[in-house]
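Bear in mind the structure is a predicted one, so any value in this text is a computation, not a measurement. Each chain gets a letter, A, B and so on, in the order the sequences are listed, and its residues count up from 1.
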Amino acid sequence: MKREISYAEGILEAFNYLLTNHQNVFVIGQGLWSPWYVGASMKDLDVKYGKERVIDSPVSELAVTGAAVGASICGYRPVVVHPRMDFMVLAIDQIVNQAAKWRHMFGGKSIAPVTIRGIINRGGEQGAQHSQALHSWFAHVPGLRVVMPATADDARDLLVASVLSDDPVMFIDDRWCYEHKSQVVDIEPVRLDSVEPRVLKEGNDVTILGIGYSSLLCLEASTNLEKDGISAEVIDLRILNPIKVKNILKSVEKTKRFVVVDGGWTNCGMAGELIARVMENISISDLSASPKRVTLTDAPAPTSSNLEEDYYTKSVDIEQVVKTMF
Amino acid sequence: MKREISYAEGILEAFNYLLTNHQNVFVIGQGLWSPWYVGASMKDLDVKYGKERVIDSPVSELAVTGAAVGASICGYRPVVVHPRMDFMVLAIDQIVNQAAKWRHMFGGKSIAPVTIRGIINRGGEQGAQHSQALHSWFAHVPGLRVVMPATADDARDLLVASVLSDDPVMFIDDRWCYEHKSQVVDIEPVRLDSVEPRVLKEGNDVTILGIGYSSLLCLEASTNLEKDGISAEVIDLRILNPIKVKNILKSVEKTKRFVVVDGGWTNCGMAGELIARVMENISISDLSASPKRVTLTDAPAPTSSNLEEDYYTKSVDIEQVVKTMF
Amino acid sequence: MDKLFDPKYFNDELAIEGFGSQELTKFLDAMILIRKAEEKLAENIENGVIKCPCHLGVGQEAIAVGVSSVLRNSDKVFGAHRSHSHFLALNSDLDGLFSEVLGKESGSSKGMGGSMHLIDRSVGFEGSVPIVSATIPIATGAALAAKLNKKGEVAVAYFGDGATEEGAFHESLNLASTHKLPVLYICENNLFSSHLHISLRQPSQRIARFAESHLIESATLDGNNVTEISKHCQKAVDKIRNTNRPYFLELITYRWKGHVGYREDMDVGVKRKEDLLVWRNRDPIRRLELALINSKTLTQDSINDIHASIDFRIKESWKRAIDGVFPEKNNLLDLVYSKK
Amino acid sequence: MDKLFDPKYFNDELAIEGFGSQELTKFLDAMILIRKAEEKLAENIENGVIKCPCHLGVGQEAIAVGVSSVLRNSDKVFGAHRSHSHFLALNSDLDGLFSEVLGKESGSSKGMGGSMHLIDRSVGFEGSVPIVSATIPIATGAALAAKLNKKGEVAVAYFGDGATEEGAFHESLNLASTHKLPVLYICENNLFSSHLHISLRQPSQRIARFAESHLIESATLDGNNVTEISKHCQKAVDKIRNTNRPYFLELITYRWKGHVGYREDMDVGVKRKEDLLVWRNRDPIRRLELALINSKTLTQDSINDIHASIDFRIKESWKRAIDGVFPEKNNLLDLVYSKK
Ligand SMILES: Cc1ncc(C[n+]2csc(CCOP(=O)(O)OP(=O)(O)O)c2C)c(N)n1
Ligand SMILES: Cc1ncc(C[n+]2csc(CCOP(=O)(O)OP(=O)(O)O)c2C)c(N)n1
Ligand SMILES: [Mg+2]
Ligand SMILES: [Mg+2]
């Protein structure tokens, strides 16, 4: 039976599913006994599953993440929650030097199947150190699977898949998606490595690829573009590493125009990467316009509402870029 | 008068110049009182300038980097030395959350002109945690200038320029360049923000862009390609952020073929970024082949010499890719 | 020692011997200014005018006022996420704070930082940032600069009990201790990090034990006693200037508002109404007022005048902040890199 | 206590009361195996056969042997960059070590890790990595797993004095102390981090002071005394299993070789020939041999036999390692992600 749920509810359902069905799952991080900062997405987990399995922690990102890595090596499936990516950078050694390489450097004899939930929590005049979206960094690292859902059903199903994956997974969660709603059926676990970019809307004139929350903006833009007679195909990347491009290439070959929209900075970001992937894999004659990207303003996040207005991408920015291609 | 010096000597000359001419320069990091791991590039600095200005430190990457950031805020021009990028990730909060944003978030009222020398030290069966080249990460961050010299003269002159720049600079140093030799004249400080990608060798048929040590590989490849009648123009990127592409575009418009070579991983790396930059800025009809990139194998570094052989790019790999474009 | 953590104690009037009436009045004035400024912010968070996250330190005013009373403009002071008091205690610059919180051009960081990024270099306030523990190594580096420049400057790092759970804290203390750096570490131990009481985060409530482990001289004092803090800091700062050695001061206190925002009895979902009631008796302002009245240094009337005049200053300043303009759009990109 | 740091002391034969001859012989055997294995590596680093960076622990053998003597295969042990002894003390697997150092398929990590990434899960050796301090939080997490699975496992983290300068160390101790995790922290305090003596890095040589600051029970012992280490560890491990609380053991020792590589009197550029001469008198092997001979547990002849038989094993194992094949090329990409 289909039901409609929000993204935040999707996350909560995933946690409930995992904690109920998998005794080796536990959750650890700051704020878990009072998870006000993640909306409803973790409500009452500590009450339902006990404070032994839903563990609030000292302000020690590095050791807490390392502890989760250690527990994952010993058979557990921990989810570490970092309320903000900005704080999580303190734990990068454990994520990138340890977890991502554990399997490879030990010749496959051990794995570190930890899931790290890094939350992008921006806007609201929070400023330079509370607004970062560093997903492109993690996508750079072989050994780490990087997941960034845009829709409620994906939020739920990809979180389940992340925790059940035998690899370390960076699950990136954008607060701006939390109210997004979609239809779901009951949870049927999928294999994370089988997940491909998803066509959210079909179209013929241009392929607009979104990443995380940007995919929702792309949908919005596509609706407006229709009024201008432009039929946009919208694709949601979903998995940032290892990256799969088959669906994207197929779409670009059809539409002959390609725009990537990402809420991260430009240089060495996900948007440029996808342009490069497309360019190396199609023949130039398949394109009728130079590929374009729409990215975050290349500056630290401001606090002033006046500047925030300019700083973040809006769907109209996407529409404008698309229109220059015709 | 022209002299020939090695890259390592270039670094040493830069330190001598800075410590002699700028009383507010000091150096801090692990190993400075016994700098065996950086070849001759820091020889006797502690003896010449005293242990107060050339400071060896505890094994505390985060605090030591933060201390340098703090001293830079208070009028000093510290250079923090990280013998390996792999260790430096422990200090990312100070580099990325603090130094890179300091000027912007305080409305220009304060600056953090620290220079961070992050060394890429790979090969030699050192394995996954002692071989990383994470320059693309730092290039992603607005507010941080990222410098990666390939030649001896640049090593010297760009280190001087980095320390004299009013912005925080990530100066990335590849051990594999240390023996490279070039001609220099006396030091004439240049402004870091005036430095553009540098044409190392002119050619007509293909533009090969290198980054750091890769530029030396590109030169090697171009010599061999000549024998096959391919005239390659080799450009060295030098400054990874903020990026400047004018010279590159001009070259590609001439050669109509573009290959980027980078010693970092593929996904969200510098090579893909440059393909994207070129694609958004030229018209598709200017290209006679799809752009290509040559990057590091997308895996943690192995230790076995047998696998290292495959893992790292050789000039012949570049030659092969170039040849497919004709 | 244990009594410091028990709100039943240390609720009486302060000892004021050795302080002149002018100095005591300055303390009172400064604490009331901070209290009322933060209450003004609370009011405007509640009514929705302020959007920027604000961490209010109501109840903790004695610390910044006591510490700042012994500092020079050439000293280098660093704050954290809860730093309105650190800023105001040095400069009383209501306009700079209010405008900054509203993201206005006239703010202390030109509207680029908000509540969590305050700066005023003219008085040595070198910046506050909300990454927990981040300014501890930075202040340690300011002390390294002070040691090198030999001008007798002292660096000051303010941070909370939660920050001592971050590795950066320990690394910094070791660096300062080993390299003999002139830094004053001020730990405002308010027993909470966000919603979590210290007993759920550490095996002991007393933070100064870490200073001991790094062989740094330290003391644990009543954080709601401005005269004692001032007196003790004077000694500590003199010692630092003379010896180039770090000093660690733990100040036990309690915050009256929630972790972030305006609420009183709720802390990011955690109710603590009863506790708060008891802790309010340790009010640093009331305890000084009592001492001033009992010692006849000030009358209740003159204290009322102080309140009234500060109310007026706050009203005027808030108006100016509200009327201020937003930063120019070009700041967004123009401030990323230096022009040199 | 101070005597532990003075190489003039603790040079005599070991006390062996309470240990059977079989156990003592096992200690001796294990220490000699480790010593000779590392000397074999040193020889082949010097002659250029080994390219992979090796951090030898010659002189520190008693620690791993003493600690391992009380562990179960189900315990979870983590090492660091200098972990040959930790590995061999648990499994005596010369082939696994030698092949790994040579990057051969038959190595303990299938040739994918080299000297700095050893693993043998069959005996609970869960891995060693060279990022200083990195396995301290990881072992702490293994202890969290042990606490959750209630099987009485103990996690063990080996690390050096240098590692205690990293924030991760302090964060981990706080986590273990607050959440009551069954972990045994073993600090091999050899007074050096690379080229720097501890007096240039910390204000005190005694590392256990940090355990005290985190309210973790601790002891500082002679790290070159295998019987004492074994006895003390037995008590510590029993306590950990019974109470789920961490325990911290600091073991004072000295390494005879340079930080990395084969040299004896040079430490990455730092000469310390004189110091080394004195410290060699605290040789953990010689001290046990003396005790065994004086107590007539073993004769010099039987000890010679042990040496000879180990020499033989090492020669044979080295030959097998040299003859071994390299990992298949496809490992490079195939091992990055799991197939599931
Ligand atoms: C590195 C980092 N981790 C987590 C946070 C979220 N956070 C903000 S304030 C705070 C509490 C800090 O407690 P404490 O240091 O005692 O200061 P107080 O709030 O009590 O003044 C936390 C956890 C952060 N800002 N930075
Ligand atoms: C994070 C990090 N920083 C620096 C290094 C370089 N390094 C390798 S071993 C070592 C010394 C560590 O000293 P200690 O922990 O006492 O161990 P020991 O070498 O004495 O066994 C250092 C600094 C590293 N590997 N990792
Ligand atoms: Mg607190
Ligand atoms: Mg050591």
Side-chain angles (χ1 to χ4, degrees), chain A residues 29-39 42-44 46 51 55-66 83-91 93-94 121-132 265 267 296-312, chain C residues 50-54 81 99-105 107 109-117 129-134 160-169 193-196 198 200-202 258-261 266-271 325-337:
Chain A
Q30 279 170 52
L32 297 201
W33 294 343
S34 175
W36 55 283
Y37 60 87
V38 285
M42 304 197 73
K43 203 170 147 35
D44 284 343
D46 57 331
K51 288 190 183 336
I55 309 170
D56 208 325
S57 87
V59 199
S60 312
E61 286 79 7
L62 182 54
V64 167
T65 306
R84 281 196 166 80
M85 281 210 148
D86 314 68
F87 312 159
M88 188 173 69
V89 303
L90 286 160
D93 172 55
Q94 286 294 331
N121 187 351
R122 51 187 161 170
E125 306 190 16
Q126 297 182 94
Q129 300 186 329
H130 275 54
S131 309
Q132 284 172 98
W265 290 308
N267 198 0
L296 186 61
T297 308
D298 287 309
T303 42
S304 183
S305 57
N306 180 53
L307 300 182
E308 276 193 330
E309 222 177 278
D310 278 22
Y311 185 68
Y312 294 108
Chain C
I50 295 173
K51 296 270 184 307
C52 171
C54 287
H81 56 287
S99 306
E100 191 56 46
V101 167
L102 290 168
K104 298 295 178 76
E105 168 84 83
S109 300
K110 295 199 172 164
M112 297 302 290
S115 159
M116 305 193 286
H117 299 287
V129 306
I131 295 289
V132 167
S133 83
D161 48 304
T164 69
E165 292 150 20
E166 293 282 6
F169 163 74
S193 165
S194 164
H195 59 297
L196 273 196
I198 191 166
L200 298 170
R201 299 178 283 114
Q202 298 192 23
H259 166 62
V260 60
M266 288 276 287
D267 197 15
V268 288
V270 179
K271 290 202 179 66
V325 298
F326 285 114
E328 302 279 347
K329 295 279 192 187
N330 63 353
N331 279 317
L332 195 50
L333 287 171
D334 285 356
L335 287 169
V336 181
Y337 296 101

Residue pair C/Leu332 / A/Thr297, side-chain heavy-atom distance below 4.5 Å: yes
Minimum-distance pair of heavy atoms, taken over all atoms of C/Val336 and A/Asp298: CG2-O, 3.9 Å
Side chain / backbone / both / neither for C/Val260 at chain A, heavy atoms under 4.5 Å: side chain
Under 3.5 Å donor-acceptor, C/Lys51 side chain and A/Ser304 backbone: no
Any donor-acceptor pair under 3.5 Å from A/Thr303 side chain to C/Gly103 backbone: no
Please classify the contact of [X] with chain C as side chain, backbone, both or neither, using a heavy-atom distance under 4.5 Å.
X        : answer
A/Glu61  : both
A/Ser34  : both
A/Leu307 : both

Would you compute the distance between atom [atom1] of [X] and atom [atom2] of [Y] and round it to the nearest 0.5 angstrom?
X        : Y        : atom1 : atom2 : answer
C/Met116 : A/His130 : CE    : NE2   : 4.0 Å
A/Leu32  : C/Leu196 : CG    : CG    : 9.5 Å
C/Asn331 : A/Asp310 : CG    : CG    : 11.5 Å
A/Gln30  : C/Ser193 : CD    : OG    : 6.5 Å

